[in-house]
Structures are given as structure tokens and as C-alpha cells.
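Structure first, commentary second.
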Amino acid sequence: MTSLTEKLSILTGKAFTTCNLPAEYGTVRISDRPDLAQFQCNGAMGAAKAAKKNPREIADNIVRHLKEYGIFSKIEIAGPGFINFDITDDYLTAHLSEIMQNSRLGIEKYAAGETVIVDYVGPNVAKAMHVGHLRPTIIGDCIKRILAFSGYNALGDVHIGDWGLQMGQVISAFAQRHPEWSYFNPNFQGEYPEQPPFNYSELEEIYPQASAACKADPSQLEKAQQATKEFQGGRAGYWALGQQFTTLSKAHIKQNMDSVGVKFEIWKGEADAASLIPVVEKDLREKNIFEESQGALVIPIAKNSDNKEMPPLMYYKSDGATTYGTTDLVTLYDRVESYGAALAKIVYVVDKRQNLHFEQVFRAARKAGYVQEAPELVHIGFGTLNGADGKPFKTREGGIMRFDQLVTMAKDKALQRLEEANLAGDLDDARKQDIAHKVGVAAIKFADLSNQPHVDYIFDMERMVNFEGKTGPYILYQAVRIQSLLRKAEEQNFKISGEAVITISDQDRPLALLLTEMPDAFDAALRHYMPHHLCDYAYRLAAGFSSFYGNCHILSESDEARKASRLALCALTCRQLALVLGWLGIDIPERM
RNA sequence: GCGCCCGUAGCUCAAUUGGAUAGAGCAUCUGACUACGAAUCAGAAGGCUAGGGGUUCGAAUCCCUUCGGGCGCACCA
């Protein structure tokens with residue numbers, strides 16, 4: 001169905017065409033001066049500029065036509081040519097009824113099932129997940145959900161880092177500790193052990209040591225590079241060992257992702273592109289786009305129009321090994337081959353510092369002809385998560401905070417707060433834990449998504465303790481209050497249907513108007529991949545409800561028709577909050 | 001050196017991409033629990049949008065410039 005601002009834009013657009021002006025000038029939006037009007041159209045000024053006419057005169061003509069529609073309770077021209085207007089309560093209630101009976105609550109489908117791949121998180125094998133994975137997890141998941149709701153077949157790919165130098169580092173570290181393992185015997189012909197001779201905690205412990213050793217000692221780095229190359233070259237023992245790393249790591253990653261309610265449709269890694277590396281190499285050789293440079297095989301991608309130096313994309317390093325440039329290009333090739341024309345977009349939710357890298361990969365893919373107009377390639381570069389001091393977030397001791405530590409901390413804070421506020425006191429411990437977990441995760445996700453993706457932001461655990469104001473828990477609290485209210489209505493055998501007649505008083509109108517705004521927020525979030533518009537709407541709606549709740553009798557309303565109308569507004573608010581929070585990846589507990 | 005991002009209330013962030021009097025939350029101050037959940041609500045105060053110049057009916061937003069911060073510039077990912 002058509003959103004309210006869109007309906008109004010169409011009507012106003014017609015008024016412009018009637019005046020021989022382009023319909024685009026008729027765009028209507030929610031007024032930024034609610035004290036003056038509900039809606040505004042600024043097109044008269046733009047049209048006047050283009051047509052070199054007087055804006056007030058154009059506005060006058062538009063207003064004359066608008067008045068004929070009979071759906072406006074007030075139309076005024078202000079300042080240089082702003083057209084301000086209110087809609088009648090009848091028009092508003094008719095629109096609300098339409099929303100209530102619409103299964104998508106008024107949001108249109110933008111796509112018809114085209115496939116979109118969202119590539120996010122990219123955790124490394126053998127390396128415990130940490131704070132750095134928080135933003136891509138949350139943002140990527142949200143973007144995937146928005147795309148899915150808008151009609152795409154949205155697939156999340158975790159894209160595990162199981163190919164680069166870190167593999168060689170861990171392999172060579174194990175080789176030095178356990179040279180007796182069959183993995184390291186080049187002449188070994190038998191079966192490698194099915195169960196790894198180490199567990200995940202040993203694996204994640206050995207990685208930082210190996211990494212530090214390589215930094216400190218060039219001979220260690222050399223060994224790691226050699227092992228990486230042989231691993232990539234398919235040396236059987238190394239490959240078998242690598243498989244063990246991946247298996248253990250996937251369980252660890254899955255556990256962390258489960259804890260924040262994030263699911264992936266595709267569990268591939270860089271290594272899954274391995275078999276295609278020679279295929280793509282052959283293709284690129286045939287297309288003659290390789291160049292040799294300082295012993296490496298590269299794809300030059302610089303253009304004359306560049307205003308900065310554009311290093312080529314490296315395919316083979318001078319030692320014959322490959323890097324993430326190779327695997328990203330080959331993975332892209334693989335995706336295009338696998339999904340064909342159905343693939344509309346690939347969205348990479350990766351640290352903004354990788355901007356140049358993706359520019360290189362995208363250019364190389366276009367140069368190779370793997371990508372023409374479609375699929376659309378998007379890099380959503382997110383900013384750093386900083387501590388209260390403005391520097392990259394660390395634990396109090398200055399170490400890296402693990403992902404699970406962070407989630408547990410948020411849950412503990414929520415639990416503490418729950419008890420302080422004396423909420424959910426009658427519930428058993430398991431349910432309390434569950435509620436605290438949901439509240440904690442909501443706090444983290446909402447805080448993260450409230451910021452624009454590309455900016456660095458300050459992650460202040462201490463501030464999250466309060467859970468007041470514009471926070472996830474505040475919105476959950478409002479949602480829970482509505483649920484409680486609706487439960488009570490049900491207990492009183494009060495039927496709430498989508499066909500309820502809405503009657504609007506001055507106390508109802510602000511909430512009623514808010515309830516028409518969701519499509520605008522969704523549209524803004526979808527079009528620019530900016531979830532903070534959804535956070536903003538969720539907060540405004542929750543606050544609008546809270547205000548309504550404070551001002552109005554609902555269950556205690558004696559006028560039955562008014563009571564039914566108000567309960568219907570509550571029910572719609574509840575559905576909208578659930579939908580928006582769902583896009584944000586936030587679960588609403590039944591109680592809190 | 002070249003390039004990208006950023007600078008908005010004491011603090012953390014918005015501003016529908018060029019619109020009106022720049023909005024929220026926190027913190028501060030006032031008030032409100034016999035009406036459904038006070039993790040709440042109603043209100044007050046807080047700004048030369050880093051500085052300067054320009055473009056136009058109109059600039060936090062676009063252009064130029066100065067200052068300040070973050071980041072990136074092939075064989076790590």
C-alpha cells in the first residue's frame with residue numbers, strides 16, 4: 001500500500017502538473033515545524049527558481065487546487081513559499097485503518113525476490129571473536145533483515161578468514177610444539193585423526209602467541225609465510241589441520257552469533273574459493289589483464305581520472321601465495337557464477353579502513369567483466385568502536401575484550417538493573433536470566449545502530465547501565481507495557497480487531513500521526529543502508545506511546561467507542577514496535 | 001607527500017541530503033505515583049554548527065581556505 005506522505009505527494013504532484021510544473025515538486029514530508037502544521041511541501045520554491053517565477057504566486061495556485069481535494073483541514077503558505085497543511089481526522093483514520101489491515105503494516109515491497117548477499121563479520125579462524133566483531137555483526141544483520149523485508153532473497157555470508165597468513169602462523173606454531181603429529185610428516189600416507197589433538201581454547205591461545213612471535217622474530221614470520229604458501233598449495237597435512245581449525249572455529253563463531261540472535265544462511269570462508277583460484281587465473285590470463293610487477297602477478301586498476309594513487313590488486317604475491325585480494329575477487333566470481341542473473345547486490349559490511357581494498361576488488365571485477373551493471377557492489381564501511389577515552393575500546397586492563405565477555409557484561413548489568421528497579425521479582429531465575437539477556441543485547445544493539453555506520457562511536461558501558469532515555473531497554477519497556485495492557489484487555493474479553501473504528505481526539509492525534517510514519521523511516525534506512533533512521537523512529541514511537549499512555553485513559557476509559565479506538569491504536573503501536581525492533585535484531589521479552 | 005572520513009549544547013548523538021526558530025538523550029533544575037508497569041511522564045535551562053571567505057530567496061549541509069582529530073596509501077587481514 002501507499003504511505004501517507006506518498007499519497008499526499010501524489011496529490012500535490014498532480015496540483016503541480018495542473019499548473020504545468022513537474023510533479024516532483026509536489027514531494028510532501030512531515031513538517032519540521034509541528035507547531036505550524038502536520039505536513040509541508042517545499043516544491044513551490046524549487047519550481048519558482050527553475051521557472052524564474054514568484055514562489056508565493058506558484059504556491060497560491062497549488063493551494064487553490066489542493067483545497068479542491070477536501071482532505072485538508074488547514075492549508076497555509078508561509079515564509080518565501082512553504083506550503084503547510086494538516087489533514088482531516090477522517091483522512092487520517094481512513095489511512096490508519098488501511099495500515100491496520102495490511103499485513104506489512106503499510107510498507108511496500110521494493111524487490112521481487114532478487115538475491116542479495118550480505119557479507120559480514122568475517123571472523124578469523126583460530127582467533128577468538130572480540131569487540132571488533134560487534135559492529136559488523138549488528139549492522140550487517142540489520143541490513144540483511146531490512147533487505148529481506150523489502151522483498152529481496154537476502155543471504156548472509158559469514159565469510160570466515162581461513163586462508164591467509166594466520167593459517168600459516170598457527171600451523172607453524174603447532175609444528176614447532178608437536179613435530180610428531182602426522183600433519184607435519186610430509187611422507188605420511190594414512191588417515192589424519194578425525195578428532196583434532198587439541199581443543200578450541202588451545203587453538204585460540206596459540207594464535208596470539210604465534211602472531212606476536214612473527215612480529216618479534218623475522219625467522220618465525222618466514223616459517224609462517226612458508227607454511228601459508230604450502231597450505232594454500234594444498235599440502236595434505238596442513239590442509240587437514242586447517243579443516244580442524246575451521247570446524248572448531250565454526251562452533252565458536254556459531255555460539256557467539258547465537259548469543260546475539262544472528263544467523264547466517266551461508267557459512268563459507270575464503271578457502272571455499274581456493275579451487276577457483278586457478279580457474280580465475282586462467283580466465284584473467286586469457287583476457288590479458290594481468291601484469292607482472294616486482295615479481296608479483298597483479299591486476300592494474302588505476303584510471304587516468306584518479307586523483308590519487310591506485311595500487312593494483314595483487315593476485316599472486318612474489319612468493320606465489322595469495323592474499324585476501326585474491327580470495328575476495330575469486331569469491332565474487334564464484335557468487336556471480338553461482339547465482340547468475342538473480343544476483344542483484346553484494347553488500348560488504350566491513351571496517352571502513354578497507355575502503356581502498358574494496359575499491360580495488362570492485363574495479364578488478366569490472367575490468368575482468370564479472371560485474372557489469374549488475375550485481376551492484378556496495379561497501380558499507382563502519383567506524384571504530386571507541387572507549388570513553390575516545391581510543392579503541394579495550395578492557396579495563398587494556399586487553400582485547402572478547403565478544404562473549406561483552407554480551408555477558410551487558411546481561412549482568414541488565415540483571416542488576418532489573419533487581420534495583422524491583423521488576424520481574426516474582427519470576428524464577430531462568431526466566432530472569434533470559435529477560436536480562438534480551439535487555440542487555442537490546443541495549444548493545446540499539447546503541448550501536450543508533451549511530452551512523454560510518455562514524456566512529458564511543459561505547460560507554462557505564463552509560464548503558466542506566467538504560468534510560470533513548471535506549472533499547474526503554475523501547476522494550478514501552479513494548480512490554482503495551483503487551484501487558486493488551487493482555488489485560490483480553491482478560492476482560494475485550495476484542496481488538498483491525499476493523500475497529502478510530503476516533504481521534506487531541507490526545508490521540510500525535511500517536512495516530514506517528515503511526516503513519518514508519519514507511520518513511522524504513523525507506524530512509526533501506527535507501528542509504530542507515531539503520532539509525534529505524535532507531536530514531538522506534539524511539540519516537542515508544543516515547544509517543546508513553547506520552548499517550550500518561551495522558552489518556554485506555555482500559556479505564558468509560559466511553560466504549562473511545563476505549564476500542566485507543567486499544568486499537570495500542571495494538572497497532574505494538575505491532576509496529578515489534579516489526580521495527582525485529583529489523584534491528586532485537587527481541588521483545590513478554591515481561592521485564 | 002597524496003587521498004578519504006570527521007569537527008554541532010558540559011557529555012553522547014540527530015537533522016528526511018539546500019529549507020522555516022539546528023533537534024533528542026544523559027547530566028543540571030522544577031513538578032507528577034489511589035489511571036493500565038515511575039526503567040515513566042510534564043516542564044525549564046543549555047548553540048556564532050571549529051575559524052574565515054564564497055555560491056543564493058535560503059547553508060550545519062555545496063565550493064575555497066585555515067586550524068584541530070581519526071584513518072588509508074601492493075606482497076598482514
Side-chain angles (χ1 to χ4, degrees), chain A residues 5 27 29-33 35-36 40 42 45-46 48-49 55 78-82 84 122 124 161 163-166 169 211 214-215 221 225 228 270 293-296 298 306-314 316-325 327 350-357 360 381 383-384 386 388 390 414 417-418 420-421 423 439 447 450-452 454-458 460 463 466-471 473-474 476-478 480-482 484-485 488-489 520-521 523-524 527-528 532-533 535-536 539-540 543 546-547 549-557 570 591-592:
Chain A
T5 46
T27 304
R29 51 185 237 211
I30 291 143
S31 176
D32 22 71
R33 291 292 302 276
D35 53 318
L36 297 181
Q40 64 179 325
N42 301 342
M45 290 171 295
K49 196 175 214 171
F82 296 101
N84 292 330
N124 270 352
W163 186 248
L165 181 64
Q166 78 276 15
Q169 287 174 324
S211 172
C214 287
K215 267 186 197 150
L221 179 61
Q225 285 170 331
T228 304
E270 296 177 285
S293 171
Q294 299 170 36
V298 304
D306 287 338
N307 62 350
K308 61 180 167 186
E309 211 182 320
M310 259 293 176
L313 183 81
M314 186 162 301
Y316 282 116
K317 298 198 296 176
S318 52
D319 72 354
T322 55
T323 74
Y324 76 142
T327 54
V350 183
D351 193 311
K352 69 177 173 187
R353 287 173 290 193
Q354 299 303 324
N355 199 279
L356 179 61
H357 165 71
Q360 291 174 299
T384 314
N386 291 331
R417 194 71 187 92
L418 213 59
E420 273 168 20
L423 292 169
V439 172
S450 294
N451 295 285
Q452 299 185 58
H454 73 278
V455 300
D456 298 342
Y457 88 96
I458 295 190
D460 187 349
R463 190 163 356 142
N466 295 317
F467 297 141
E468 273 155 17
K470 192 174 179 180
T471 64
Y474 169 87
L476 289 186
Y477 180 70
Q478 302 308 339
V480 166
R481 285 214 291 193
I482 306 178
S484 165
L485 195 66
K488 284 207 169 102
D520 301 291
D523 190 57
R527 212 181 15 234
H528 304 293
H532 76 282
H533 288 112
C535 293
D536 187 62
Y539 176 71
R540 288 191 300 119
S546 194
S547 184
Y549 184 86
N551 286 334
C552 298
H553 287 270
I554 302 168
L555 278 178
S556 51
E557 171 60 51
C570 289
R591 298 185 40 182
M592 65 186 274

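Note that the structure is predicted; figures quoted are calculated from it, not measured.
The listed nucleotides are C5(B), A74(B), U40(B); the one nearest the side chain of Gln478(A) is U40(B).
With rounding to whole Å, Asn42(A) atom CG is found 13 Å from G18(B) atom P. Rounded to an integer number of Å, the gap from Tyr457(A) OH to C6(B) C1' is 17 Å. Rounded to whole angstrom, the span from the NZ atom of Lys317(A) across to the P atom of C76(B) amounts to 4 Å.
U56(B) is unpaired under the criterion used here, namely a Watson-Crick or G-U wobble arrangement in which both key atom distances are under 3.5 Å. Remark: G46(B) base-pairs with no nucleotide; criterion is Watson-Crick or G-U wobble with both hydrogen-bond distances under 3.5 Å. The partner of C2(B), taking Watson-Crick or G-U wobble pairs whose two distances both stay under 3.5 Å, is G72(B). Judged by Watson-Crick or G-U wobble contacts below 3.5 Å, the nucleotide G10(B) has C26(B) as its partner. Pair assignment for G18(B): none, as no Watson-Crick or G-U wobble contacts are both less than 3.5 Å.
Counted by atom type alone, Ser546(A) and Arg481(A) present one or more donor-acceptor pairs between their side chains at under 3.5 Å.
Judged by centroid separation below 5.5 Å and plane tilt below 30°, Tyr539(A) does not stack onto the base of A24(B). A stacked arrangement is assigned to His553(A) and the six-membered base ring of A35(B), with a centre-to-centre distance below 5.5 Å and an interplanar angle below 30°.
Glycosidic torsion of U17(B) falls within 90° of 0, placing the base in syn.
Leu418(A) comes within contact range of at least one nucleobase, with a heavy-atom separation under 4.0 Å.
OP1 or OP2 of A42(B) lies within a sub-4.0 Å distance of a side-chain N or O belonging to Ser547(A).
Between G70(B) and U8(B), the two P atoms lie 15 Å apart (nearest whole Å).
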